[in-house]
Amino acid sequence: MIEARRLHILRAVADHRTVTAAAAALYLTPSAVSQQLTALEQETGHRLVERSARGVRLTPAGEILLAHTNAVLAQLERAEAELAAYDAGSAGTVTLASFATGIGLVVAPALTRLAETAPGIRVRVQDAEGDASLPMVLDRQVDVAVAVEYRGAPGADDSRLTRVPLYAEPFDAVLPVGHRAADNERVPLADLAKDPWIGPFPGNPCHDVVVLACEQAGFQPVLEHTSDDFRAVVALASAGAGVALVPRSALRGMDMAGAVVRPVDGITPTRRVFAAVRRGAETHPLIAPVLGALGDAAA
């Protein structure tokens with residue numbers, strides 16, 4: 001008989017590619033993870049992982065079991081949801097991870113709505129970058145993620161997750177007031193090809209949006225200044241240090257002295273935001289109202 005908790009460990013190892021990283025995500029020791037993998041191999045009668053200096057990868061047998069693992073864990077989530085519904089499930093705590101702008105734009109309004117429509121549900125919010133929250137959901141560190149599309153993100157057809165689209169927002173060009181394009185109504189990105197750029201660090205989903213938009217305009221941006229804090233990005237642009245692309249919602253209420261904001265001419269860089277839960281958990285009587293409130297806030 002295969003134990004479900006060992007399947008969860010197998011998926012974490014497949015996601016994180018090292019025993020140490022999987023152990024950290026699951027709040028276990030590396031030796032405990034290794035022991036559970038060994039026990040799983042004994043249960044199945046197959047070698048499931050191969051270790052090397054660069055980490056761990058699944059064997060063909062491990063890949064077969066992983067495909068079944070995603071279906072099994074999703075079904076267990078559905079079972080928990082139905083049991084919770086049977087018990088009424090009108091009160092409890094839901095943990096949610098979101099990037100800072102998402103917290104302000106949809107999470108906080110959703111909490112206000114839930115206080116009126118589902119007062120028994122308590123939501124605990126954690127600030128996490130848009131590419132960090134999905135692994136947190138898969139590792140059961142949180143129940144819900146408010147995340148953004150990024151290179152390498154699990155796709156909409158990923159069997160581990162259920163996604164709910166929330167909103168898409170454009171990026172605007174932020175220029176120093178003395179910039180040659182500051183008086184334009186709209187700014188073609190190609191006109192900024194020779195400027196120094198200010199942007200997020202590689203790995204931040206917004207970095208991917210900026211680089212991809214510039215590549216589509218025919219150039220690679222020279223990122224001379226990097227920060228994941230858009231207030232710092234705008235401050236540097238205001239000081240004449242370079243140009244930037246910033247999500248429109250992040251500019252709300254920001255001190256723009258020394259900088260101007262202009263829409264992008266042509267294909268508009270956009271980030272797409274969605275909520276995600278483990279597949280099968282979307283019907284849980286505590287989680288479903290949270291997803292509904294997030295959708296209402298985004299609408």
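Here the straight-line distance linking atom CG of Leu76 with atom CZ of Arg5 works out to 14.0 Å at 0.5 Å rounding. Atom CD1 of Ile9 and atom CD of Gln35 lie 10.0 Å apart (nearest 0.5 Å). Distance check, rounded to the nearest 0.5 Å: SG of Cys214 to CG of Leu245 gives 6.0 Å. The distance from the OH atom of Tyr167 to the CG atom of Leu105 is 4.5 Å, given to the nearest 0.5 Å. Separating the OG1 atom in Thr69 from the CD1 atom in Ile2 is a distance of 7.5 Å, to the nearest 0.5 Å. Note that CZ of Arg54 and CZ of Arg17 are 11.0 Å apart. Values are rounded to the nearest 0.5 Å.
Put simply, the side chain of Glu282 gets close to the backbone of Gly280: a donor and an acceptor are under 3.5 Å apart. In this structure, the side chain of Arg160 does not engage the main chain of Arg11 through any donor-acceptor pair within 3.5 Å. With hydrogens and angles ignored, the 3.5 Å screen pairs no side-chain donor or acceptor of Arg248 with any backbone N or O of Pro263.
Counting only heavy atoms from C-beta outward, the side chains of Phe99 and Val146 approach each other to under 4.5 Å. Residues Leu96 and Arg124 fail the side-chain proximity criterion, which asks for heavy atoms closer than 4.5 Å. In this structure the side chain of Gln126 never reaches within 4.5 angstrom of the side chain of Gln141, judged on heavy atoms.
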Could you please spell out the steps behind the side chain to side chain contact (heavy atoms under 4.5 Å, CB included) verdict for Phe274 and Val164? CA-CA 5 Å; Phe274 59 92; Val164 177; 6.0 Å; no
Assess the residue pair Asp139 and His16 against the criterion (side chain to side chain donor-acceptor pair (under 3.5 Å)); give the C-alpha distance rounded to whole Å, side-chain angles, the decisive distance to 0.1 Å, and a yes or no. CA-CA 10 Å; Asp139 292 333; His16 295 281; 2.7 Å; yes
Please lay out, stage by stage, how His179 and Asp195 fare under the test side chain to side chain donor-acceptor pair (under 3.5 Å). CA-CA 10 Å; His179 192 276; Asp195 284 275; 3.1 Å; yes
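When each of Asp265, Val260, Val264 is checked for a side chain to side chain contact (heavy atoms under 4.5 Å, CB included) with Arg262, only Val260 meets the rule.
Val233 and Val210 fall into different hydrophobic clusters, where Ile, Leu, Val, Met, Phe, Trp and Tyr side chains are chained together by heavy-atom contacts under 4.5 Å.
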